[in-house]
Amino acid sequence: MKMDVNKQMILKKIPTKASEEFRNFPMVPRVVYGKGSFDTLGDILMPKRKHSEAPMIYLVDDVFENTELINRIPSIFCDQIVLISAEEEPKTGQVDALVKMIQEKFTELPSGIIGIGGGTLLDMAKAVAIMLTNKGSASEYQGWDLVNKQSIYHVGIPTISGTGAEVSRTTVLMGPEKKLGINSDYTTFDQVLLDPDLTKGVPKEQWFYTGMDCYIHCIESLNGTFLNAFSQSYGEKSLELCKEVFLEDILASESREKLMMASWHGGMSIAYSQVGVAHAMSYGLGYVLGVKHGIGNCLVFQYLEEFYPEGVALFNKMLKKHNIELPKGICANLSNTEMDTMITVALGMAPLWENALGEQWKSIITPKKLKTIYQKI
């Protein structure tokens with residue numbers, strides 16, 4: 001059957017991929033919110049089960065080992081619960097090992113991957129879901145839009161609020177050469193479950209550092225050159241909620257709910273924008289010293305008055321209110337090689353620097369300037 005000539009001409013004019021100016025970003029298509037909503041997980045997953053030999057794989061923070069939460073996970077048939085430590089940042093090697101374990105243990109692709117925990121576990125779940133359908137190592141996909149095939153069904157269930165990993169299109173991993181996300185349209189979760197009750201009992205400092213990740217998302221997005229009405233609307237709401245949580249005296253239950261939504265909005269604020277200086281430099285700290293993302297952002301942000309004066313002033317008020325003392329001397333004993341590596345990793349985050357400082361960022365940020373900031377930490 002021949003296609004109409006006019007139709008052929010029209011099709012030729014249609015671009016093969018979305019315009020760089022108007023990015024067609026994905027969003028989480030389904031989300032459940034509410035106290036106790038974790039108990040709906042079984043019903044949510046049931047229609048997604050392919051058959052009894054295609055398991056649901058639950059990647060769970062090992063802090064929940066021998067707790068009530070494990071018993072509430074709807075594990076049936078050949079489902080598997082894998083406990084994973086979140087003490088260190090997620091690594092590409094860990095992702096590769098998990099994918100290999102799943103492929104060797106099961107003859108069928110899993111029906112889904114469910115991440116239960118903080119940013120580390122959520123990023124791990126997103127990465128494993130991608131690598132089960134894409135060949136090679138996870139390290140080969142660190143960057144922007146390198147993933148070619150649709151990931152398998154994956155679900156995110158945060159048990160701490162602030163990272164925005166539940167809503168973002170990236171999974172940040174430590175690779176052999178760099179700390180960088182797998183940023184792709186296939187990374188975003190297919191389903192997110194937001195239950196504020198799951199964030200009960202988070203240690204105070206961890207709560208603060210992870211919450212500050214959200215706060216810094218807002219500051220960097222709202223002060224960035226990529227800012228637009230889409231990002232601004234989410235960033236402003238997230239910032240408003242962060243101020244309530246960290247500067248006002250509100251009930252613990254209300255605080256949990258507000259911070260969970262601040263995390264969601266903070267993550268959305270960078271979907272059509274980017275983060276900035278603190279995140280770029282935090283990646284360097286994470287890669288060389290293994291500093292976790294939340295505290296890494298805080299360690300850097302305290303010295304960024306030049307770039308975010310109002311944001312840093314407010315951050316200092318939050319530190320004081322919650323009696324948080326940031327560690328000192330983190331970079332005191334670095335070798336020249338380690339310092340150079342840290343600077344190289346940070347400078348490699350070009351989109352973040354461009355958002356923070358514009359297209360001419362290379363004339364503003366130099367290795368010497370970064371070294372001066374790192375030496376203060």
Side-chain angles (χ1 to χ4, degrees), residues 23 25-33 89-90 115-127 129 144 154-173 180-196 198-199 207 209-224 226-243 245-246 256-276 278-280 282-283 292-294 296-297 301 311 349 351-352 355:
R23 298 298 303 277
F25 285 126
M27 296 175 72
V28 175
R30 289 187 175 273
V31 57
V32 174
Y33 171 81
E89 297 279 283
I116 304 175
T120 294
L121 269 297
L122 298 183
D123 280 353
M124 193 79 73
K126 290 192 279 190
W144 281 267
H154 51 303
V155 180
I157 305 175
T159 61
I160 187 171
S161 298
T163 68
E166 65 275 15
V167 73
S168 73
R169 71 185 290 273
T170 187
T171 165
V172 181
L173 302 172
L180 186 60
I182 299 177
N183 298 269
S184 81
D185 285 355
Y186 302 116
T187 306
T188 312
F189 282 115
D190 298 296
Q191 170 81 57
V192 168
L193 193 153
L194 300 174
D195 183 343
L198 297 183
T199 65
W207 164 81
Y209 294 142
T210 308
M212 286 302 99
D213 187 17
C214 176
Y215 170 71
I216 293 168
H217 278 159
C218 302
I219 299 300
E220 293 183 327
S221 174
L222 291 170
N223 289 278
F226 293 176
L227 186 64
N228 51 67
F230 184 97
S231 299
Q232 186 175 359
S233 63
Y234 284 105
E236 287 177 345
K237 185 60 183 178
S238 182
L239 182 58
E240 175 190 322
L241 291 167
C242 284
K243 288 177 179 178
V245 170
F246 293 104
R256 286 193 295 271
E257 293 186 57
K258 287 182 180 293
L259 188 54
M260 183 161 271
M261 294 319 302
S263 178
W264 181 272
H265 284 76
M268 283 301 302
S269 74
I270 58 172
Y272 228 105
S273 176
Q274 257 300 351
V275 281
H279 276 73
S282 175
Y283 281 176
K292 296 198 73 175
H293 185 65
N297 278 338
F301 195 70
M349 309 303 295
L352 282 64
N355 177 54

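The shown structure was predicted, so the numbers you read here are calculated from the model rather than taken from an experiment.
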Plane angle bin for Tyr215 and Phe301 - parallel if under 30°, tilted between 30 and 60°, otherwise perpendicular: perpendicular

Side chain proximity check, Val275 to Ile216, heavy atoms < 4.5 angstrom: no

Closest contact, heavy atoms only, Ser282 versus Asn297: CB-OD1, 3.2 Å

Minimum heavy-atom distance between Asn355 and Ser273, given as atom pair plus value: OD1-OG, 3.9 Å

Verdict with supporting geometry, Lys243 and Glu240, salt bridge (Lys or Arg N to Asp or Glu O under 4.0 Å): CA-CA 5 Å; Lys243 288 177 179 178; Glu240 175 190 322; over 6 Å; no

Minimal non-hydrogen separation, Leu122 against Gly117, with atom names: CG-O, 3.9 Å

Option passing side chain to side chain contact (heavy atoms under 4.5 Å, CB included) with Thr170 (candidates Asn183, Leu180, Thr188): Asn183

side-chain hydrogen bond (donor to acceptor under 3.5 Å, both in side chains) against Ser263, all qualifying residues, sequence neighbours excluded: Glu166

Side-chain donor or acceptor of Lys126 paired with backbone N/O of Ala165 under 3.5 Å: yes

Heavy-atom closest contact (Leu227 atom, Ser231 atom, distance): CD1-CB, 4.2 Å

Check: Asp123 side chain, Val172 main-chain N or O, donor-acceptor pair, under 3.5 Å: yes

Contacts of Gln274 that satisfy side-chain hydrogen bond (donor to acceptor under 3.5 Å, both in side chains) - sequence neighbours left out: none

Between CD1 on residue Ile116 and CD1 on residue Ile157, distance to nearest 0.5 Å: 4.5 Å

Spacing of Ile160 atom CD1 and Thr120 atom OG1 [to the nearest 0.5 Å]: 9.5 Å

Set of salt bridge (Lys or Arg N to Asp or Glu O under 4.0 Å) partners for Glu236, sequence neighbours left out: none

Exercise: identify the closest heavy-atom pair between Gly266 and His217: O-CB, 4.0 Å

Ile270 CD1 to Leu222 CG distance, which is reported to the nearest 0.5 Å: 11.5 Å

Reference residue His265; test side chain to side chain contact (heavy atoms under 4.5 Å, CB included); the match among Cys218, Ser233, Ser238, Cys242: Ser238

Derivation of the side-chain contact (heavy atoms from CB on, under 4.5 Å) call for Val192 and Val167: CA-CA 8 Å; Val192 168; Val167 73; over 6 Å; no

Gap between atom CZ of Phe189 and atom CD of Gln191 - 0.5 Å precision: 11.0 Å

CG-CE distance between Leu198 and Met260, expressed to the nearest 0.5 angstrom: 6.5 Å

Ionic contact status for Asp190 with Arg30, cut-off 4.0 Å: no

Smallest separation among heavy atoms of Glu220 and Gly276, with atom names: OE1-N, 2.9 Å

Donor-acceptor contact below 3.5 Å, side chain Ser221 vs main chain Gly235: no

His293/Asp213 under side-chain contact (heavy atoms from CB on, under 4.5 Å): CA gap, chis, key distance, verdict: CA-CA 8 Å; His293 185 65; Asp213 187 17; 3.3 Å; yes

Side-chain donor/acceptor of His154 to backbone N/O of Thr187, under 3.5 Å: yes

Test item: Met261 and Lys237 side chains (from C-beta on) under 4.5 Å apart, heavy atoms: no

side-chain contact (heavy atoms from CB on, under 4.5 Å) partners of Glu257, counting only residues at least two apart: Tyr33, Lys35, Pro196

Pairing residues for Phe230 by the ring-ring contact (aromatic ring centres under 6.0 Å, His included) criterion, not counting sequence neighbours: Tyr234, Tyr272

Worked verdict on Ile182 versus Leu173 for side-chain contact (heavy atoms from CB on, under 4.5 Å): CA-CA 8 Å; Ile182 299 177; Leu173 302 172; 3.8 Å; yes

From CG (Leu121) to OG1 (Thr163), nearest 0.5 Å: 10.5 Å

Set of residues satisfying salt bridge (Lys or Arg N to Asp or Glu O under 4.0 Å) with respect to Lys258, sequence neighbours excluded: Glu244, Glu254

